[in-house]
Participant: 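What follows is a single structure, and I will ask about it in a moment.
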Amino acid sequence: MAKNLLIVESPAKAKTINKYLGKDFQVLASYGHVRDLRPKEGAVDTEHDFAMAYEIIERNEKHVDAIAKAARQADDIYLATDLDREGEAISWHISEILKDRGLVEGKRMHRVVFSEITPKAIKAAVAEPRQLSHDMVDAQQARRALDYLVGFNLSPVLWRKVQRGLSAGRVQSPALRMIVEREEEIEAFVAREYWSVEARLQHANGDFSARLTRLNGKKFEQFDLTNEADAMAARAALKEAAHGRLTVSEVASKERKRRPAAPFTTSTLQQEAARKLGFSTSRTMKVAQGLYEGVSLGDEGNVGLITYMRTDSTALSEDALSELRALIGRDFGDKALPDAPQVYKTKSKNAQEAHEAVRPTSAMRTPREVASYLNDEQRKLYELIWKRTVACQMIHATLNTVSVDFALPHTAGGDAAFRATGTTVVDPGFLAVYEEGRDQKSADDEDEGRRLPKLEKGEEVPLQDILADQHFTEPPPRYSEASLVKALEEYGIGRPSTYASIIQVLLNREYVLLDSRRFKPTDVGRAVGKFLTQHFSRYVDYDFTAKLEDELDAVSRGEEAWIPLMQRFWQPFKQQVDEKTETVDRSEASGARELGADPKTGKPVFVRLGRFGPYAAIGDKDSDEKLQFASLRPGQSMHTITLEDALELFKLPRKLGAADNGDEVSVGIGRFGPFVKQGSTYASLKPEDDPYTIELPRALQLVADKLEMLANRIILDFGNGVQVLNGRYGPYITDGEKNARIPKEQEPKELTEAQCVELLAAAPVKKGRFGKKTAAKKTVAKKTATKKTATTKAPAKKAASKKAATKKTATRKTAAKKAATKKAAASKADA
C-alpha cells in the first residue's frame, strides 16, 4: 500500500492527480460532500449553541469506507478538496469521520490547496501543506445551519398558508423576490408615445443620417414630441427652413481609449457564457468543472486546462502574467503589449478564498491546438476563457469619434440643429482578440463602426428628406440568467459558487420558468414571493441578506464568531414564524383575488391558488353552498386574468353531441389536463387541441384512438393475473406485483403461462417510490417483527395463559348462572 493518501472531491480529478504524484501516493475521491445534517427536525439544536447532528450521506458510504480503509494503511493523509469554504468543510468532515473511527492516531494530517491541476501546482501544494482553517469551516457550518433553520421553519408556514409541498430558502427567496418585482413593474408599466426626427443626407463619399438635437431654441429631449400632429408640424418647419440642404456648423474629433475587461470571475464567466454561448449557469459550471479537472490531450494524458472556476478574484499569478506577455509578443507583436502587466481590482472583500481569476493553466495551449480533444461545449467555453484572459493583458483600443453639427438658425419657433456621429477604430489593441458582450446596447455602441465622410465647417450637404418616427417606451426587460447573476452580485446576495444552484432551485420548484430565455414567475412563485415579502420582509430584504453574507465572510476571516451570529438571526426569526403561523389568513397568503360578479347568478367570481394550481370559482367561499370550479388555461395567470376571461372557463364541460351508439360526448378539463369523454371512456386532448374549440369528429377520433390503444395493450391474458402487455418501451410480462422482460428471441404471442411464471420469478423486485427495493423493505420488516416476537415471546405466552384461565373461569360462571336460571324457571312453572 502507498504510504501517502491524498483525498480529492471528484474521480476525474483523482485520475489526473494520481498520474502526477506517482506510486508513493494513493489518490481517492470523496465524490463531493460525505456528511450532511440529518434530514429531520432538530438536526440543529438551537438550545445548545446550535450543535449539529451529522450523518454520512448514504450514496457516499462506500466511498467513505474506501477512504477509511486506505487511511488505516497510510502514514500521511493529505486533504486536497477544493479551496473554497465548501471544500474546507468536506476536508473537515473527512478528518472528523477518520477521528471517530480511530484512524488518525500516529498519522500526520495535512491540508493542501491548489487552483490548477498541473504537475507543478500539485507538487508545490503537497510540498507546502497547511492546517485546516476552522474559521472557514465555521462559516460553512453557519451557512448550512441558517439554510436548514429557514427551510425547516419557514417551509411549513408556506404549506399551511399557500400550498402544500412548497419550500423557502434563505438565499433563493430574495432572488425570487427580484423576479416577481420585475414582473409587477412590467404589468404596471404604461407605455408613453414619443417621436424622433432624423435628417437623411447625401454625399459623394456615402450617404448618412443626423439626429435632431435642438428644436424651438432649446435642447431636443426624448418626450418633446409626444403625438403625430406635433411631430409632423416640426418636420414641416424643419424642411422649410432647410431649403433642401444642411450647413455644417461644427466638426469635432475626439480620440478615446477603451480598456479591456478584467479576467473572468465565476459570475462574469456565467454572464458572458449566457450572452455569447447561450449557456445556462449550471451548464457553464458543469463544462468548466470538466475543463478544470482534466481532459485527455493524447500523449500528454489528462491535463487540467483551466484554473479553479469558483472564484471572485481577478488576480493573475506572476507565472501566468509572464506567459501571457510572451504569447502576446509572439502572436501580436510588442506593440500590443502595455509597458507593465495590467492589474485589476477585485470587488469582493473576501476574495482571498480563491487565489486567481478563471484562466487557462497555460496560455500557450491555444484553442486551436486543443480543439480536437474537446467536445463542442468544452471548445466554446475554453476559447471564451482563453480569449478573455489574453485580451486582459493587451494594450487598450484607440477609437476616434467624429461629431458633425448642422445648424438651422432660421427655423420657425426658434433655431434647430442636427448632429451626425461616427466612431472608427484607430488601433484595435485588445479588440483584435476579444470584446465583452453587453445585455443592452447604448447609443455609443450604435455609432461604433459608422464612418462619416470628411466634412468641413461651412460645407452645405444636400438633404434627401427629414423623417419623423413614432416610438413607445418599453417596460424593463425580464431578467435573463446573465442579468440576474449580475443583479445578485451587485446586491451582494449569495456568492459566486451559489448562483447556479439558486437559479436551478427556482426552476426545479417551478417558482419561475424560462420564457424566451428570460425568467417569468409562475403563479405559485408569485404567491410565495408576495407572501414572503409581505410577512417576512426582513428575511427577503436585499440589504439584510447581503449583510448576512458579509457576516459569514467575516467568520471565514476569523473576525467574528459564528454562534453569536446564529443567535442574532434565530431569536427574532423564530418569533416571527410563530406569530405569522397564527395570524395570517390563507386566502390572503395564496394571492386570492375577487374579479367581480357572475352576470347570470350575481355570485362573486374569484381566483386563488389550489392544491393542483390556480383556479377560478363562482360562489361565496365563506358559505356552505357548493362552488363551481374551473382550472385556468395554459398561459393564464391568476394575477392578471380578467372577469371576462374567467367566465369563459365555466363554459366547460361542453357537450359536443352523441356517438353512433348514442353515448354522449363531452369535453372538459380535469386534474390531469383537458379530456374528451364518451360514455365511460376518457381520452386526453393532444397539445394542438383546444377544449374550447374542439368539435365532435375530432373528439370521436381521440376516443377511437384510445380504445384501439387499450385493445392492443393486452397481448395475452392467462386469467390468473398473469398478462403479456404492450408497454411504453415494448411488450412485457406482469402479474400486478412484478414486471419481467421478454427475451429478444421470444415472440410475445407464443409465450406460455409456465414460461411467464418462470420469467416473473427470475425478474428483479420492483422498486418502490424512493428507489428502495420492496423486497428489501419486507425482509427488514420481517426481521424486525421476528426480533420483536422473540423479545416478547415469554411475556406474551404468560399473558396468553392468564387470559385463557380467566376465560375458562368466566365460562364456568356463565354455565352455573344459566343452570340456576333454568331451575328457577322450572320451579315457577310447577307452582
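Values below: every heavy atom of this structure, side chains too, minus hydrogens, waters and symmetry copies.
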Participant: Between T498 and S501, does a side-chain hydrogen bond (donor to acceptor under 3.5 Å, both in side chains) hold up when you go through it step by step?
Facilitator: CA-CA 5 Å; T498 65; S501 61; 5.3 Å; no

Participant: Are more than 12 heavy atoms, taken from residues, nucleotides or ligands other than K547, located less than 6.0 Å from that residue's NZ atom?
Facilitator: no

Participant: Do you see a donor-acceptor pair shorter than 3.5 Å between the side chains of T81 and E9?
Facilitator: no

Participant: What are the two closest non-hydrogen atoms of A262 and T314, and how far apart are they?
Facilitator: CB-CG2, 4.0 Å

Participant: Have T265 and T268 got a donor and an acceptor in their side chains that come within less than 3.5 Å?
Facilitator: yes

Participant: Looking at D65 and K69, is any side-chain nitrogen of the basic one under 4.0 Å from a carboxylate oxygen of the acidic one?
Facilitator: no

Participant: Is any side-chain heavy atom of Y511 closer than 4.5 Å to a side-chain heavy atom of S167?
Facilitator: yes

Participant: Would you say the side chains of Q289 and E293 form a donor-acceptor pair under 3.5 Å?
Facilitator: yes

Participant: Using a 3.5 Å distance criterion without hydrogens, assess whether the side chain of D541 forms a donor-acceptor pair with backbone atoms of D543.
Facilitator: yes

Participant: Name the one of F544, Y539, F152 that satisfies ring-ring contact (aromatic ring centres under 6.0 Å, His included) with F573?
Facilitator: Y539

Participant: Please determine if R177 forms a cation-pi arrangement with Y542, meaning its NZ or CZ atom is less than 6.0 Å from the six-membered ring centre and no more than 45° off the ring axis.
Facilitator: yes

Participant: Any side-chain heavy atom of W159 sitting closer than 4.5 Å to one from Q163?
Facilitator: no

Participant: Rounded to the nearest 0.5 Å, what's the gap from OG1 on T284 to CG on L384? Could you check?
Facilitator: 9.0 Å

Participant: Work out which heavy atom in E55 is nearest to a heavy atom in P39; give both atom names and the distance.
Facilitator: OE2-CD, 3.4 Å

Participant: Please give me the minimum heavy-atom distance between A142 and L552, naming the atom from each residue.
Facilitator: CB-CD2, 3.7 Å

Participant: To the nearest 0.5 Å, what is the distance between CG on L6 and CG on L28?
Facilitator: 9.0 Å

Participant: Less than 4.0 Å between a side-chain N and a carboxylate O, is that true for D550 and R495?
Facilitator: yes

Participant: Nearest 0.5 Å, what's the OH-CG distance between Y78 and N4?
Facilitator: 5.0 Å

Participant: Quick one: are D319 and K120 in side-chain contact, heavy atoms under 4.5 Å?
Facilitator: yes

Participant: Can you name the closest pair of heavy atoms from P174 and T545 and give their distance?
Facilitator: CG-OG1, 3.4 Å

Participant: Salt bridge between R35 and E96, side-chain N to carboxylate O under 4.0 Å?
Facilitator: no

Participant: Going by the side chain to side chain contact (heavy atoms under 4.5 Å, CB included) test, name the single residue among V34, V137, L132 that passes it with S91.
Facilitator: L132

Participant: Closest approach of Y308 and V358, non-hydrogen atoms and distance?
Facilitator: O-CG2, 3.9 Å

Participant: Under the criterion salt bridge (charged side-chain N to carboxylate O under 4.0 Å, His left out), I'd like the reasoning laid out for E377 against K380: C-alpha separation, chi angles, the key distance, then a yes or no.
Facilitator: CA-CA 5 Å; E377 289 184 334; K380 288 178 179 177; over 6 Å; no

Participant: Would R38 pass as a cation-pi partner of Y54, given that its NZ or CZ must be under 6.0 Å from the six-membered ring centre and within 45 degrees of the axis?
Facilitator: no

Participant: Check the surroundings of atom NZ in K387: do more than 12 heavy atoms from other residues, nucleotides or ligands lie under 6.0 Å from it?
Facilitator: no

Participant: Between the main-chain N or O of G304 and the side-chain N or O of T361, is there a donor-acceptor pair closer than 3.5 Å?
Facilitator: yes

Participant: How long is the straight-line distance from CD of Q172 back to CD1 of I493, given to the nearest 0.5 Å?
Facilitator: 11.5 Å

Participant: With distance as the sole criterion, is a donor-acceptor pair present between the side chains of E88 and H134 under 3.5 Å?
Facilitator: no

Participant: Knowing that exactly one of M566, Q567, R568, K574 qualifies, which makes a side chain to side chain contact (heavy atoms under 4.5 Å, CB included) with W570?
Facilitator: K574

Participant: Any non-hydrogen side-chain atom of L506 less than 4.5 Å from a side-chain atom of I179?
Facilitator: yes

Participant: A side-chain contact here means heavy atoms from C-beta on lying under 4.5 Å apart; do F569 and V150 qualify?
Facilitator: yes

Participant: Would you call E116 and R359 a salt bridge, taking side-chain N to carboxylate O under 4.0 Å as the test?
Facilitator: yes

Participant: With the side chain counted from C-beta on, respond yes when Y31 and P11 share a heavy-atom pair under 4.5 Å apart, and no when they do not.
Facilitator: yes

Participant: Determine, stepwise, if the pair L381 / L277 fulfils side-chain contact (heavy atoms from CB on, under 4.5 Å).
Facilitator: CA-CA 8 Å; L381 193 64; L277 307 180; 4.1 Å; yes

Participant: Surrounding CD of E41 (heavy atoms of other residues, nucleotides or ligands, distance under 6.0 Å), is the total greater than 12?
Facilitator: no

Participant: Is it true that, when you exclude E510 itself, more than 12 heavy atoms of the residues, nucleotides or ligands shown sit nearer than 6.0 Å to its CD?
Facilitator: no

Participant: Go through the side-chain N and O atoms of S267 and E489 and say whether any donor and acceptor fall under 3.5 Å apart.
Facilitator: yes

Participant: Rounded at 0.5 Å granularity, tell me how far CD1 in I77 sits from CD1 in I67.
Facilitator: 10.0 Å

Participant: When rounded to the nearest 0.5 angstrom, what distance separates OG in S95 from CD1 in I90?
Facilitator: 12.0 Å

Participant: Do E582 and K580 pass the side-chain contact (heavy atoms from CB on, under 4.5 Å) test, and can you show the C-alpha distance, the side-chain angles, and the key distance before you say yes or no?
Facilitator: CA-CA 5 Å; E582 298 299 324; K580 296 299 180 181; over 6 Å; no

Participant: Is there a side-chain contact between F519 and I503 in this structure, where contact means two heavy atoms from C-beta onward sitting under 4.5 Å apart?
Facilitator: yes

Participant: Quiz question: by atom type and distance under 3.5 Å, do the side chains of S362 and E323 form a donor-acceptor pair?
Facilitator: yes

Participant: For the pair L154 and L532, evaluate side-chain contact (heavy atoms from CB on, under 4.5 Å) and give the outcome as yes or no after the intermediate values.
Facilitator: CA-CA 9 Å; L154 198 49; L532 294 176; 3.7 Å; yes

Participant: What heavy-atom pair brings Y344 and A261 nearest, and what distance separates the two atoms?
Facilitator: OH-O, 3.9 Å

Participant: Kindly indicate, with the supporting measurements, whether the criterion side-chain contact (heavy atoms from CB on, under 4.5 Å) is fulfilled by D138 and Q141.
Facilitator: CA-CA 5 Å; D138 287 347; Q141 286 203 97; 4.2 Å; yes

Participant: Taking atom NZ of K13 as the centre, does the number of heavy atoms from other residues, nucleotides or ligands within less than 6.0 Å exceed 12?
Facilitator: yes

Participant: Indicate whether any N or O donor in one side chain lies under 3.5 Å from an N or O acceptor in the other, for T281 and E481.
Facilitator: yes

Participant: Could you tell me if the side chain of Q270 sits less than 4.5 Å from the side chain of S280, heavy atoms only?
Facilitator: no

Participant: Verify the neighbour count for atom NZ of K286: are there more than 12 heavy atoms of other residues, nucleotides or ligands below 6.0 Å?
Facilitator: no

Participant: Working note: E436 + R388, criterion salt bridge (charged side-chain N to carboxylate O under 4.0 Å, His left out); need CA distance, chi angles, decisive distance, verdict.
Facilitator: CA-CA 8 Å; E436 186 178 26; R388 173 89 163 217; 3.6 Å; yes

Participant: For the pair D76 and H110, evaluate side-chain hydrogen bond (donor to acceptor under 3.5 Å, both in side chains) and give the outcome as yes or no after the intermediate values.
Facilitator: CA-CA 8 Å; D76 287 77; H110 312 283; 2.8 Å; yes

Participant: Inspect the contact between E549 and R143 and indicate whether a charged nitrogen and a carboxylate oxygen are less than 4.0 angstrom apart.
Facilitator: yes

Participant: Could you list all the salt bridge (charged side-chain N to carboxylate O under 4.0 Å, His left out) pairs where at least one residue sits in residues 144-163, not counting sequence neighbours?
Facilitator: D36-R144, D147-R170

